[in-house]
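To start, the structure under review is shown below, and the notes come after it.
By convention here, the first residue in the shown sequence is residue 1.
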Amino acid sequence: MTAKYIEVMTNIQHRLDRGILHAGDKLPSVRQLAEELACSKNTIIKAYTELEKEHVIYSIAKSGYYVVTDVKQAKSPDNTIDFLSAGPDQTVLPYREFQHCLNQAIDQYEEELFTYSDPQGNVSLRKELVTYLQNLQVFTSPERLVIVSGSQQALNLFVSMPFPNGKKNILIEQPTYFGFIESAHLHGVQTFGIPLSMDGIDLEQLEYIFRNNDIKFFYIIPRFHNPLGHCYTNKEKKKIVELAEKYDVYLVEDDFLGDLDPDTKADPLFAFNPSGRVIYIKSFSKVFLPGLRVATVVLPPLMQHHFLRYKFSADFTSSALSQGALEIYLKSGMFETHLKKVQKLYDKKMKLLQTSFEEFLSPQVSFTTPTSGFYASVFLPQNVRAKRVVEKLVEHGVHMDDGARFYLPEYQHQNLLRLSISQVHEDDILRGIQKMAQCIQEIEKRKEQWIPDSIFRM
């Protein structure tokens, strides 16, 4: 026989599923619901307590219980299919939960909100992050963490600041995150590239570059690469760390989607040299709330003083309110629950994308095959330009990214499309790829039918 409190929980969940209750709604009081369902107050309290543990509802002292979750439709109002935007899926962003944490943070840190806080970051948050990072196989101490205003701030500071090895140049994968390329360009730093494919990089070429090009650091995205979706093996990561140690090169590891890795045995680069060769960056923008603008950096002790000086000159300190709310969110266990939800979501979406690629793309079109994450790339036939495909698809309500900006000029590719599945409704993935395939075929057909004017001048 089903326990009575479970029946009460099921009753409330049905109200949510049917749209009778929505995010932010106040639930009936314990007494009211006990009378309505003809059960004891203790049964209602037990049901509410269990729902609160699952973060379906939350309580406010002397006020009552409120709904956290809400089922939303991901369809764009204008019926577009958005493979361009790279923010988190808006249907799973925990607005109400985090609003609750913000309110608590205001109460808890009200004095600090009106003063400058610790430039290194809230000590309580750093302690929470140490625990959180252990799940990603990053074992460190609060003293080595610095809170930054998003990972882009950290990357920009690393480009401009001196490193202990006294070297000047930077190495990046090709292609790579365009925001980093822009920072390197604006600071006028000489930047070398190393080609990356789903088969990885040429480690012999990497060693040659490390040995001969005065490399300050190698910026690398080891898991769910942007734009390819590539993941390095543990063996490759270990070798990269060994080469960096051998040639006194630092590794700046951008693990922005590490939370989504289904391979529990996959380690970050940091795990192979936690003493200081690897600088680890973890952002919350892609799996949580982009507007939070909070990320953390694990620094070697040798670099901490210089980094804090450069950060202080940029913004003094990161938002105390955002830090306080994130600390409460992590401590409550809500973030862990949220991660489980997004892991399933993006895993499912990526599988749908791969199925769509296989079904609709011609043999002349190749594509990357990530296991999860946000990103995948399509390599068009040499006679088809990505820019033309992007322009043509806009006419059909489909948005994608021309991959040209992910390359240094000397590595430029004109036939790469980057797709992000994060904000595309599951039902639209197949339809969007079908339209893309049709568009590519149309462009190819027109090019085959085109006859140069020079033929008629003979």
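- Side-chain N or O atoms of K349 include one that pairs as donor or acceptor with a backbone N or O of V424 at under 3.5 Å.
- Here the side chain of E253 pairs a donor or acceptor atom with the backbone of L269 at under 3.5 angstrom.
- Looking at F180, Y411, F178, Y375 one by one, the single match for ring-ring contact (aromatic ring centres under 6.0 Å, His included) with F406 turns out to be F178.
- Salt-bridge annotation for D248 and R277: present, with a side-chain N of the basic residue lying under 4.0 Å from a carboxylate O of the acidic one.
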*asked:* One pair to check against side chain to side chain contact (heavy atoms under 4.5 Å, CB included): I279 and L251. What are the steps and the verdict?
replied: CA-CA 6 Å; I279 299 163; L251 299 171; over 6 Å; no
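- Residues I20 and D25 share a closest heavy-atom pair of O-OD2, 4.1 Å.
- Listed here is the closest heavy atom pair of C101 and A325: CB-O, 3.7 Å.
- A salt bridge is defined here as a Lys NZ or Arg NE, NH1 or NH2 lying under 4.0 Å from an Asp or Glu carboxylate O, and K344 with D347 fails to meet this definition.
- For the pair N273 (side chain) and V241 (backbone), a donor-acceptor distance under 3.5 Å is absent.
- Side-chain N or O atoms of Q205 include none that pairs as donor or acceptor with a backbone N or O of P195 at under 3.5 Å.
- Taking the side chain as every heavy atom from C-beta outward, Y48 and I57 approach each other to under 4.5 Å.
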*Step by step, would you call E426 with K348 a salt bridge (Lys or Arg N to Asp or Glu O under 4.0 Å)?*
CA-CA 8 Å; E426 293 171 13; K348 183 178 181 182; 3.2 Å; yes
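- We find the CG-CE distance between L51 and M9 to be 4.0 Å, quoted to the nearest 0.5 Å.
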_Between E236 and T233, does the side chain to side chain donor-acceptor pair (under 3.5 Å) criterion hold? Intermediate values first, please._
CA-CA 5 Å; E236 289 170 325; T233 65; 3.3 Å; yes
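- Between D315 and K311 there is a salt bridge, since a side-chain N of the basic residue sits under 4.0 Å from a carboxylate O of the acidic one.
- Remark: D255 engages R223 in a salt bridge, criterion side-chain N to carboxylate O under 4.0 Å.
- Residues I181 and Q174 meet the side-chain proximity criterion, which asks for heavy atoms closer than 4.5 Å.
- One finds the CD1 atom of I81 at 11.5 Å from the CE atom of M436 (value rounded to the nearest 0.5 Å).
- A donor-acceptor contact closer than 3.5 angstrom links the side chains of D259 and Y132.
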*Could you check F158 against F307 for ring pair (Phe, Tyr, Trp, His ring centres under 6.0 Å), going step by step and ending with a plain yes or no?*
CA-CA 8 Å; F158 287 137; F307 185 84; 5.2 Å; yes
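- No hydrogens or angles considered: a donor-acceptor pair under 3.5 Å links the side chains of H187 and N156.
- Considering only heavy atoms from C-beta on, F357 comes within 4.5 Å of L419 through its side chain.
- For D254 and Y219, the side-chain atoms include at least one donor-acceptor pair closer than 3.5 Å.
- Each of I209, I194, I170 was scored for a side-chain contact (heavy atoms from CB on, under 4.5 Å) with F218, with one residue passing: I194.
- Ring centers of F374 and F224: at least 6.0 Å apart, outside the cut-off.
- Side-chain contact of S285 with R293: a donor-acceptor pair under 3.5 Å is present, judged by distance alone.
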*Report the C-alpha separation of L155 and S183 in whole Å, then their side-chain angles, then the decisive distance to 0.1 Å, and conclude whether the side chain to side chain contact (heavy atoms under 4.5 Å, CB included) test is met.*
CA-CA 8 Å; L155 295 175; S183 287; 5.5 Å; no
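- Counting heavy atoms of neighbouring residues, nucleotides and ligands inside a 6.0 Å radius, atom CZ of R309 does not exceed 12 of them.
- In this structure, the side chains of V189 and N169 stay at 4.5 Å or more apart for every pair of heavy atoms.
- In this structure, K237 forms no cation-pi arrangement with Y232, as its terminal cationic atom is not both closer than 6.0 Å to the ring centre and no more than 45° off the ring axis.
- Around atom CD of E336, no more than 12 heavy atoms belonging to other residues, nucleotides or ligands sit under 6.0 Å away.
- To the nearest 0.5 Å, atom CD of residue Q304 and atom CG of residue L145 are 9.0 Å apart.
- There is no side-chain donor-acceptor pair under 3.5 Å between Y65 and E52.
- Between the side chains of S318 and S149, at least one donor N or O lies within less than 3.5 Å of an accepting N or O.
- The aromatic ring centres of F98 and H100 sit 6.0 Å or more apart.
- Atom CZ of F256 sits about 7.0 Å away from atom NZ of K286, to the nearest 0.5 Å.
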*Would you sort out whether T176 and N226 count as a side chain to side chain contact (heavy atoms under 4.5 Å, CB included), showing the intermediate values?*
CA-CA 6 Å; T176 195; N226 180 12; over 6 Å; no
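- Side-chain contact check for Y177 and Q152: at least one donor-acceptor pair (N or O, by modelled atom type) lies under 3.5 Å.
- Using the six-membered ring where Trp is involved, F270 and Y280 have ring planes that are perpendicular, over 60° apart on the 30 and 60° scheme.
- The existence of a salt bridge linking E242 and K246 is excluded, since no basic side-chain nitrogen approaches an acidic carboxylate oxygen closer than 4.0 Å.
- A salt bridge is defined here as a Lys NZ or Arg NE, NH1 or NH2 lying under 4.0 Å from an Asp or Glu carboxylate O, and D118 with R126 meets this definition.
- Annotation: Y208, atom OH; neighbour count of heavy atoms from other residues, nucleotides and ligands within 6.0 Å does not exceed 12.
- Panel note: side chain T296, backbone K282; no donor-acceptor pair is recorded below 3.5 Å.
- A side-chain contact (heavy atoms from CB on, under 4.5 Å) with I421 holds for exactly one of L353, L345, D428, D89; it is L353.
- Nearest heavy-atom pair across E173 and L196 is OE2-CD2, 3.9 Å.
- Heavy atoms of other residues, nucleotides or ligands lying less than 6.0 angstrom from CD of E410 number more than 12.
- Of the possible polar contacts, none joining the S377 side chain to the T368 backbone as a donor-acceptor pair under 3.5 Å is found.
- Side-chain polar atoms of S29 and Q32 form a donor-acceptor pair below 3.5 angstrom.
- The two residues P370 and L228 have their closest heavy-atom pair at CG-O, 3.7 Å.
- Within the 4.5 Å cutoff, no side-chain heavy atoms of P274 are placed close to those of T140.
- Scanning both residues, A386 and L380, for their nearest heavy atoms gives CA-CD1, 3.6 Å.
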*Please test T49 against Y5 for side chain to side chain contact (heavy atoms under 4.5 Å, CB included), starting from the C-alpha separation and ending with a verdict.*
CA-CA 10 Å; T49 301; Y5 80 89; over 6 Å; no
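- Side-chain rings of F335 and F284 approach one another, their centers coming within less than 6.0 Å.
- Note that CD1 of I215 is 10.0 Å distant from CG of N165, once rounded to the nearest 0.5 Å.
- Below 30°, between 30° and 60°, or above 60°: for Y250 and F163 the angle between ring planes is above 60°, a perpendicular geometry.
- The NZ atom of K167 sits 12.5 Å away from atom NZ of K216, with the distance rounded to the nearest 0.5 Å.
- Nearest heavy atom pair, residue I147 against residue N122, reads CG1-N, 4.5 Å.
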